[in-house]
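A short write-up of the structure that comes next.
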Amino acid sequence: MCGIVGYIGHDPAQPILLDGLDRLEYRGYDSAGIATMHRGGICLAKEKGRLANLKARLRSSPLPGCMGIGHTRWATHGEPSDLNAHPHTDMKGDIAIVHNGIIENHARLRAMLQTHGCVFVSETDTEVVAHLLNHLWDGNMLSTLQRSLAMLEGSYALAVICAAEPDTLYCTRKDSPLVIGLSNHAQYIASDIPALLAHTRQIEMLEDKEVAVLRADGVTVFDAYGTRRPLRPATVDWDVEAAEKGGYAHFMLKEIHEQPAALQKTFSTYVDTQTMALRENTLPITAEEARRLSSLTIVACGTAYHAGVVGKYAIEHLARLPVVVDVASEFRYRQPILGAGDLFLAISQSGETADTLAALREAARLGAKTMALTNVLGSSIAREVGNSALYTCAGPEIAVASTKAYITQVEVMLLLAIDLAQKRGTITRDEAAALLSALSELPAQAEALLTDEGRIARFASRYYDRRHVFYIGRGMDYALALEASLKLKEISYIMSEAYAAGELKHGTIALIEPGTLVCALLTQPRLADKTLSNIREVKSRGAKVLVVCSQSLLEKTHSVADEVWPVPDTHPLLSPLLAIIPLQLLAYHMAVSRGCDVDKPRNLAKSVTVE
Ligand code: AGP
């Protein structure tokens with residue numbers, strides 16, 4: 001969703017701001033703009049559409065100045081247009097702001113400000129903040145901003161510059177991401193870390209309602225009560241290359257190829273590879289707590305939800321603990337029944353998804369023990385659970401379609417299942433060691449699978465014009481089908497549906513007609529014969545069947561499949577980690593064959609910070 005950047009230093013701000021916006025492009029947007037400070041006045045440029053439009057305009061009339069703010073807007077209030085694009089200003093043009101989030105009481109504030117003579121030029125909720133700052137102006141932006149925040153309801157990440165203080169940039173946040181990049185002679189802000197990596201890896205995180213005052217030579221932070229607090233910079237170990245394409249045609253393809261390394265890094269973070277045992281205390285639940293648990297609730301959105309579904313199968317199987325998985329937007333409004341004795345886990349790659357954050361807060365309010373699994377150090381969701389944050393070590397994921405974050409989320413879910421099972425005494429030490437040893441082999445097996453890409457691309461070039469596709473499977477394979485189907489639809493715009501194979505004949509099989517592509521997943525030996533019967537049912541109705549199966553089940557598929565892609569054998573609980581790879585590549589090549597914008601699919605945003 002919206003992306004924010006800011007810079008204050010001694011170099012021209014415009015190229016730094018545009019470079020930052022380039023790096024945030026993947027978040028999704030439909031207009032862009034920047035404002036700089038020059039000789040005590042604010043200069044402004046904004047354009048509807050892609051960043052290229054803004055850059056074209058700035059080429060002929062660049063904005064001068066060594067401090068500024070920039071924004072990519074994903075429309076919520078008001079259509080994408082030049083006028084609705086950020087930055088927004090007060091009527092005199094002396095205060096400019098950029099905003100991510102939603103000001104929920106904007107209508108009331110707008111009416112109040114209009115009675116004081118404010119004339120609005122946009123339909124956005126954001127513009128009220130610019131006018132409010134002018135309305136409450138007391139000669140000092142820090143106190144004006146602090147008093148204004150007290151009147152705002154909703155979520156915001158805000159960056160502010162004002163002509164009265166031409167050497168200072170202000171920013172603040174609540175329930176919306178914003179990080180500060182520190183360096184000796186210049187300071188930066190951005191919606192997320194990859195946009196800062198070209199300049200610094202020293203990151204200062206802001207808590208809700210904190211205000212940061214940035215000058216070229218340093219940053220001061222005031223807490224929600226207005227008291228100055230010491231800086232607590234964290235060093236991120238992501239490097240610039242991790243957030244660049246590195247020769248691949250798309251970020252998504254690069255990220256698919258980074259999966260073996262991401263699996264390896266995540267594994268060695270949680271497992272001592274010498275003793276092949278889980279490291280002590282990396283999973284924040286004691287044996288006593290694990291034994292007393294009555295249930296686990298997992299809440300997430302989209303791909304992260306699908307990782308949760310895999311987690312449910314694994315945890316129920318290994319740890320014999322009942323697990324409920326829910327999408328966050330449903331969980332938060334369904335008056336969930338949770339309390340002490342229940343464990344709650346939020347999964348979120350970005351750690352900023354608004355619905356997941358709200359669900360987590362609801363679970364904490366109800367008294368459950370809360371944990372979170374995220375890919376981003378210091379993200380809102382991670383901070384909400386303090387020491388109970390688990391991390392995937394996927395590195396920055398830029399493509400909107402999640403791949404390496406998913407695979408590492410699933411990996412951590414399996415590690416959590418093994419840990420809970422050991423602590424609850426439902427598996428032996430030897431069984432745990434066998435599973436961990438199988439997990440340790442996955443990076444090499446995943447690497448080998450990636451060499452199959454040519455065959456997958458050729459298959460995609462034959463089937464890319466299908467109007468709809470079905471993914472079917474049972475058990476873990478059903479969980480996998482959910483994710484494979486989402487990958488295809490979000491980047492190729494092909495209508496696709498994931499179905500529990502045994503459920504097909506209760507209605508959906510009516511949609512199968514000659515030539516319908518059905519991708520059947522067959523990695524669970526215990527359920528293979530059942531799924532094979534379902535494959536025969538669609539085959540006999542004319543479906544073209546692609547089977548993704550474990551090597552040991554290959555022979556069984558010959559009479560039913562039009563195409564078979566075997567994946568290496570592993571423990572059945574781990575097979576999603578391998579079988580998803582050809583399915584990600586299938587989605588990717590289908591989208592490329594259809595000429596789609598793979599990394600930035602239409603209507604989607606990487607980080608969904610509004611509900
Ligand atoms: C994944 O391909 C999607 N783009 C999307 O479903 C995503 O997983 C979802 O929005 C949740 O995001 P999060 O993991 O950052 O919370």
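Bear in mind the structure is a predicted one, so any value in this text is a computation, not a measurement. Whatever order the structure lists them in is the order used to number ligands and atoms, beginning at 1. Residues take their numbers from the sequence shown, with the count starting at 1.
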Can you give me every donor-acceptor pair (side chain of residues 445-454, partner residue at least two apart or in another chain, under 3.5 Å) with its distance?
residue	atom	partner	partner atom	Å
Gln445	NE2	Asp569	O	3.1
Thr451	OG1	Ala448	O	2.5
Asp452	OD2	Arg455	NH2	2.9
Glu453	OE1	His257	NE2	2.9
Glu453	OE2	His589	NE2	2.8

Between side-chain atoms of residues 305-313 and protein atoms elsewhere (two or more places apart, or another chain), which donor-acceptor pairs fall under 3.5 Å?
residue	atom	partner	partner atom	Å
His306	ND1	Glu483	OE1	2.9
Lys312	NZ	Glu316	OE2	3.2
Lys312	NZ	Val323	O	2.7

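A centroid separation of 6.0 Å or more is found between the aromatic rings of His99 and Tyr156.
Within 4.0 Å of ligand 1, heavy atoms belong to protein residues Cys301, Gly302, Thr303, Ala304, Ser348, Gln349, Ser350, Thr353, Val400, Ala401, Ser402, Leu486, Lys487, Glu490.
Side-chain contact, Thr124 with Asn84: no donor N or O sits under 3.5 Å from an acceptor N or O.
With sequence neighbours left out, the salt bridge (charged side-chain N to carboxylate O under 4.0 Å, His left out) criterion links Asp237 to Lys265.
In this structure, Asp599 contributes its side chain and Phe251 its backbone to a donor-acceptor pair below 3.5 Å.
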